[in-house]
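In what follows, a structure is listed as structure tokens, so that the remarks can point back to it.
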Amino acid sequence: MIYQYPGVVMLIQIDAIETEFEARIYGPDRALIKSSRLPSRRIGPVFQLIESSDTARQLIVEIIPAYATDRSRIKMELLQLREQERTDAIQAEAFRLMSRAVDATPNNDSTTWASKTYTFKRAAQVFESLGWEELRLWCEFYAAHLVYFKLNDALSALEMVRAVQEAAGRAGFEEIQMAAMQLAGMAMTTSIGTDSSMSQGKQFDSIHRTLNQTADVADRLGFQSERGLALFNDGIAWEKQEKVEQALQQYRRALDITVAAGDKELANRIRNQAAFAYESEGSVAGAIEMLDQVGEELEEEDAALELAESLFEKGRILNESFRFHEAADALKQSHELLVTAGYGSRVAQTGLALGQAYFGLGQMDMAANILSESVASAPVAELASELQQALGILAEVQRYRGDWQAMDEARQQQESFLRNDVEHARYLYERAMDEVSRPEGKPSLVEALLSRSQERASAAGDATMVNRAQLQRCANQSVSQCAPS
């Protein structure tokens, strides 16, 4: 609790080291006066300027870290400003602009973030007129930060942050220089391939050099989470370079450092990214190990949504590896957590994957129930690919059960989601199998469907599907000239 005297402008400086946060200021009767937040910010001070009041009042400052963090890593300083002299008024205006730029907003449109970027730039100009180089550079850095994270303009952000990095290096502001190098490495990775004056190989060399230098500076300054983040970002660059083993090496280094630093949120980000990398290498065991570690952490923190997402990814990978028992266990847990929390579209997505696992286990009734329920509630625009696959499975389930009408309805729905020759070829093949299974199935229709399936598969270069269709035609026709191509 702090005390604000009449006619005094209160300036509150907050620095939550290596973590994003929201700061709220409450007045009498706990009325919210101001709320501040800078999305994705991990390093650097945030200022809240509280305008003067006609009467004295007590203020409560509430700092809410995005993730659990040690209270010793949250620092706060207070400064009283009296705008009686011209210099005081200029100082107050600079901080007023900086404070306005971090005001929390419910809007997430480009106009809002462009306006905040411009406000930081104006604050930087005022600080420059005062000769306050450090705060000028923080404002310039935050402007580049918003251009990258909220306006999604990596090239502009890179140009802006390089100027900050050079100026901070000349002035000896190592913390700003480190933050700028981190952002520069991320922006370079995002914009790779857009610089026609430099080969991609040289661009990647520059990214690795920048991020490893960032890790070294962070280590020297005692910012271990930032060190881990730099190595993590370097791993992402290696992965984008399609050198997955080097990426995994950096992920492992980053994870060791981040776990030791106690940054659970970043550690889980690294684990999730590493899981995808392991999966791309064909190492299901490595991917599952990472996701299990995420799950253990999230169970301790009682983070239902994050745990459900981790279990979903684990189940998805296990499904693709035909480990349906384990997949069903993970996906069922995920589904139950999401249903309890009321996350509609995520419930449907997980239900579709759970239906696939039940189908793989031969549990046809359970597969039909969860798939029918999930298909009915799934958002089409978000889950078109998943719906196409799920409807195909549902049709096969109904074929097994002998419910021809339900089978036809599922196939009709599935057809609307087909996107390419590969999917059309497989769809036509399964329709032929539907017709073979039907008691009154027509051999001529089966032949026509298999022929069309072969044509589509051939156009797509899907040799396996070409041969499957040809072999089925042979089985149906029993003629010697039907040989696999």
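Values below: all heavy atoms of this structure, side chains included; hydrogens, waters and symmetry mates excluded. What you see is a predicted model; the values in this text were computed from it and never measured.
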Measuring from [X]:[atom1] to [Y]:[atom2], what's the distance to the nearest 0.5 Å?
X	Y	atom1	atom2	value
Ser451	Glu447	OG	CD	6.0 Å
Gln273	Leu248	CD	CG	10.0 Å
Asp329	Ser334	CG	OG	12.5 Å

Would [X] and [Y] count as having a side-chain donor-acceptor pair, cut-off 3.5 Å?
X	Y	answer
Glu313	Asn272	no
Glu306	Asn268	no
Asp434	Trp404	no
Arg252	Gln249	no
His424	Glu415	no
Tyr400	Ser437	no
Glu22	Ser35	yes
Trp113	Asp109	no

If we only count heavy atoms from C-beta on, is the [X] to [Y] side-chain gap below 4.5 Å?
X	Y	answer
Gln241	Gln200	no
Ile192	Phe204	yes
Arg438	Met407	yes
Ile317	Leu291	yes
Arg456	Tyr427	no
Tyr358	Met364	no
Gln356	Leu352	no
Ile43	Gln182	no

Is [X] reaching over with its side chain to a backbone N or O of [Y], donor-acceptor style, under 3.5 angstrom?
X	Y	result
Arg162	Gln165	no
Lys116	Asp103	yes
Ser453	Leu428	no
Thr112	Asn108	no
Glu20	Ser40	yes
Asn212	His208	yes
Asn233	Leu229	yes
Ser191	Leu155	no
Asn319	Ala353	yes
Thr258	Ala267	no

Could you list the donor-acceptor pairs under 3.5 angstrom formed between side-chain atoms of residues 379-391 and any protein atom two or more places apart in sequence or on another chain?
unit_1	atom_1	unit_2	atom_2	d
Gln388	OE1	Gln414	NE2	2.9

Using the side chain to side chain donor-acceptor pair (under 3.5 Å) criterion, which residues pair with Thr117? Sequence neighbours excluded.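 Side chain to side chain donor-acceptor pair (under 3.5 Å) check on Thr117 returns nothing, list empty.
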Hey, are [X] and [Y] close enough for a salt bridge, meaning a charged N less than 4.0 Å from a carboxylate O?
X	Y	result
Glu430	Arg399	yes
Glu326	Lys314	no
Asp234	Arg209	no
Asp365	Arg401	yes
Arg271	Glu289	no

Identify, with sequence neighbours excluded, every residue that meets ring-ring contact (aromatic ring centres under 6.0 Å, His included) alongside Phe120. Tyr142
Counterpart residues, ring-ring contact (aromatic ring centres under 6.0 Å, His included), relative to Tyr251 (two or more places apart):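 If we apply the ring-ring contact (aromatic ring centres under 6.0 Å, His included) test to Tyr251, skipping adjacent residues, the hits are Phe232.
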Is there a side-chain hydrogen bond (donor to acceptor under 3.5 Å, both in side chains) between Gln246 and Glu239? Walk through the geometry before answering. CA-CA 8 Å; Gln246 289 92 329; Glu239 198 169 350; over 6 Å; no
Can you tell me if NZ on Lys240 sees more than 12 non-hydrogen neighbours from other groups inside 6.0 Å? yes
Tell me if the CD atom of Gln412 is crowded by more than 12 foreign heavy atoms within 6.0 Å.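 No, not enclosed.
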Residues in salt bridge (Lys or Arg N to Asp or Glu O under 4.0 Å) contact with Arg42, at least two apart in sequence or another chain: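 Arg42 satisfies salt bridge (Lys or Arg N to Asp or Glu O under 4.0 Å) with Glu226, Asp263 once adjacent residues are dropped.
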By salt bridge (Lys or Arg N to Asp or Glu O under 4.0 Å), Glu159 pairs with (sequence neighbours left out) none
What verdict does the side-chain contact (heavy atoms from CB on, under 4.5 Å) test give for Val102 and Arg37, after you've listed the backbone C-alpha separation in whole Å, the side-chain angles of each residue and the deciding distance to 0.1 Å? CA-CA 5 Å; Val102 297; Arg37 179 171 176 264; over 6 Å; no
What's the verdict on side-chain hydrogen bond (donor to acceptor under 3.5 Å, both in side chains) for Tyr148 and Thr190, showing C-alpha distance, side-chain angles and the deciding distance? CA-CA 10 Å; Tyr148 179 77; Thr190 302; 2.7 Å; yes
Steps toward side-chain contact (heavy atoms from CB on, under 4.5 Å) verdict (Asn420, Glu423): CA-CA 6 Å; Asn420 53 52; Glu423 291 179 358; 3.4 Å; yes
Between Leu449 and Leu445, does a side-chain contact (heavy atoms from CB on, under 4.5 Å) hold up when you go through it step by step? CA-CA 6 Å; Leu449 289 168; Leu445 179 56; 3.9 Å; yes
Which class fits the ring pair His145 and Phe149: parallel under 30°, tilted 30 to 60°, perpendicular over 60°?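 Geometry flag for Phe149 against His145: tilted rings.
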Reference residue Gln454; test side chain to side chain donor-acceptor pair (under 3.5 Å); the match among Arg473, Gln472, Arg468: Arg473
Tell me, with the steps shown, if Arg316 and Glu279 meet salt bridge (Lys or Arg N to Asp or Glu O under 4.0 Å). CA-CA 11 Å; Arg316 180 188 62 78; Glu279 184 186 6; 2.9 Å; yes
Does the side-chain contact (heavy atoms from CB on, under 4.5 Å) test come out yes or no for Val147 and Met160, once each step is laid out? CA-CA 9 Å; Val147 168; Met160 294 165 69; 3.8 Å; yes
With salt bridge (Lys or Arg N to Asp or Glu O under 4.0 Å) as the test, would you mind laying out the steps for Arg426 and Asp462 before giving the verdict? CA-CA 10 Å; Arg426 294 176 183 174; Asp462 187 346; 3.4 Å; yes
Walk me through it: do Glu435 and Arg431 pass the test salt bridge (Lys or Arg N to Asp or Glu O under 4.0 Å)? CA-CA 6 Å; Glu435 195 64 17; Arg431 272 197 59 199; over 6 Å; no
